[in-house]
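Working notes, beginning with the structure itself.
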Amino acid sequence: MQVEQKKEESEKPVEKKLKFDIIIIGAGPAGYTAGIYSARAKRDTLIISGILPGGQLMNTTEVENYPGFEKGIFGPELMMTMKKQTERMGATIVDDEVVNVDFTHKPFKVLTPSEEYESEAVIICTGATPKKLSIPGEQEFSGKGVSYCATCDGPFFRNLELAVSGGGDSAMEESTFLTKFASNVHLIHRRDKLRASKVMQERAFNNPKIKFHFNSSIVDIKGDQKVQEVTLLDNKTNEKQKLQVGGVFVAIGHDPNTKIFQNQVELDENGYIVQKKNTMTSVDGVFSAGDAHDHRYRQAVTAAGFGCMAAIDADRYLTEKSTE
Ligand code: NAP
């Protein structure tokens with residue numbers, strides 16, 4: 001009888017914890033750093049890491065500009081290390097996707113396909129996704145010559161001919177930056193007018209290493225182990241030409257991953273989260289960190305810095321609330 005009773009007790013499902021002090025949505029450098037700071041502040045912390053835990057660095061090879069790694073570190077390794085550090089601090093991490101949120105009442109609700117989590121504060125760290133050209137070879141050579149971040153990858157392309165696609169500020173800035181390493185940069189833009197600001201345009205026009213190809217689109221990327229060639233289509237004449245390049249930088253903008261927050265927090269006209277006071281969004285108790293709000297710096301180290309700031313702000317917010 002006693003044995004049966006014990007068996008019944010052990011078969012009782014452990015109740016899943018659904019209430020936390022702080023929920024962090026997203027697990028790139030911003031999310032993990034927010035998790036480290038939040039857990040170290042003794043806040044009961046949950047990170048819901050999304051379908052691609054680790055964020056954009058999971059698609060990066062070597063990271064040379066994250067401080068602390070004298071010889072550089074591979075992106076996925078850096079993110080796994082951050083994850084382990086976050087767990088060691090006591091944060092709970094679940095690999096699940098947030099499909100909906102309700103920030104209209106406290107506690108806030110954060111929903112995955114199977115669970116409804118609650119918390120007193122939320123930090124949004126969902127990042128942004130670089131827009132793709134969606135042409136043959138782009139996916140195949142991603143990380144093997146196709147890059148979406150000149151600051152991250154430029155130094156790996158010394159003395160090579162490079163192609164940059166785009167006509168906005170990013171394309172101008174990245175082309176100018178890449179001339180430090182490349183033998184030449186071919187700026188390929190689909191129209192005859194640049195979208196970039198005048199000052200950025202002039203800087204690029206005055207750089208003798210940048211060659212402009214207007215009314216042109218890259219229509220495919222070819223190579224062996226690495227990128228070797230792109231095909232350019234003249235959008236006016238329909239003529240095609242081959243360009244021998246050792247790398248392709250796609251700089252046609254980013255999409256912030258903020259769709260699920262559309263009617264919950266204020267977003268700007270491009271979908272980026274608007275911060276109202278320090279890292280707080282338009283909703284008291286909801287904070288943001290990283291590329292979901294930052295379209296200016298977009299670096300792993302700045303995202304981590306914002307994650308730290310948001311966790312400090314969230315902790316102070318909870319302290320103030322508890323003494324009200
Ligand atoms: P953006 O201003 O949206 O420009 C994107 C460019 O890519 C446009 O020229 C666009 O062409 C082109 N493009 C879009 N889709 C394309 C496709 N499928 N194929 C080929 N070309 C395509 O994006 P951004 O340059 O990343 O800038 C985003 C924001 O950040 C802007 O507000 C910008 O001012 C800001 N920013 C500021 C700085 C700075 O101040 N230092 C640096 C970087 C970015 P069309 O022109 O034909 O549409």
Could you label the plane-to-plane angle of the Y117 and F20 rings as parallel, tilted or perpendicular, counting under 30° as parallel and over 60° as perpendicular?
-> tilted
If you draw the axis of the six-membered ring of F287, does the NZ or CZ of K277 fall within 45° of it and under 6.0 Å from the ring centre?
-> no
Determine, for F177 and K180, whether the Lys NZ or Arg CZ falls below 6.0 Å from the six-membered ring centre while staying within 45 degrees of the axis.
-> no
Sequence neighbours left out, what passes ring-ring contact (aromatic ring centres under 6.0 Å, His included) with [X]? Give chain and number order.
X    : answer
H213 : H186
Y66  : none
F205 : F212

Criterion side-chain contact (heavy atoms from CB on, under 4.5 Å) against S170, the qualifying member of H254, R298, H295, M200 = R298
[X] to [Y] - nearest heavy-atom pair and separation:
X    : Y    : result
G35  : I47  : CA-CD1, 3.9 Å
S38  : I24  : CB-CD1, 4.5 Å
A311 : Y37  : CB-CB, 3.5 Å
R190 : N235 : O-ND2, 3.1 Å
D234 : S216 : CA-OG, 4.5 Å
A39  : A91  : CB-N, 3.8 Å

Are the aromatic ring centres of H293 and Y272 under 6.0 angstrom apart?
-> no
Can you establish whether the number of heavy atoms outside [X] located under 6.0 Å from its atom [atom1] is more than 12?
X    : atom1 : value
E70  : CD    : no
K19  : NZ    : no
K198 : NZ    : no
N263 : CG    : no
R191 : CZ    : yes
K240 : NZ    : no

[atom2] on [Y] to [atom1] on [X], rounded to 0.5 Å:
X    : Y    : atom1 : atom2 : result
T179 : R203 : OG1   : CZ    : 11.5 Å
D313 : I123 : CG    : CD1   : 8.5 Å
I124 : Q264 : CD1   : CD    : 9.0 Å

Under 3.5 Å side-chain donor-acceptor pair for N257 and T129 | yes
Taking atom types as modelled and ignoring hydrogens, do the side chains of N207 and T176 form a donor-acceptor contact shorter than 3.5 angstrom?
->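 No, no side-chain donor-acceptor contact under 3.5 Å.
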Ring pair (Phe, Tyr, Trp, His ring centres under 6.0 Å) evaluation trace for F157 with F181 | CA-CA 6 Å; F157 291 81; F181 316 100; 9.2 Å; no
Taking side chain as C-beta onward, heavy atoms only, is [X] less than 4.5 Å from [Y]?
X    : Y    : result
L160 : V245 : no
D294 : T302 : yes
N184 : L162 : no
T112 : V99  : no
I25  : V122 : yes

Of E161, E229, Q228, the one forming a side-chain hydrogen bond (donor to acceptor under 3.5 Å, both in side chains) with Q244 is E229
Answer yes when K222 and D220 have at least one side-chain N-carboxylate O distance shorter than 4.0 Å, and no when they do not.
->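 Looking at K222 and D220, the cut-off is met.
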Is E120 paired with K321 through a side-chain N to carboxylate O contact shorter than 4.0 Å?
-> yes
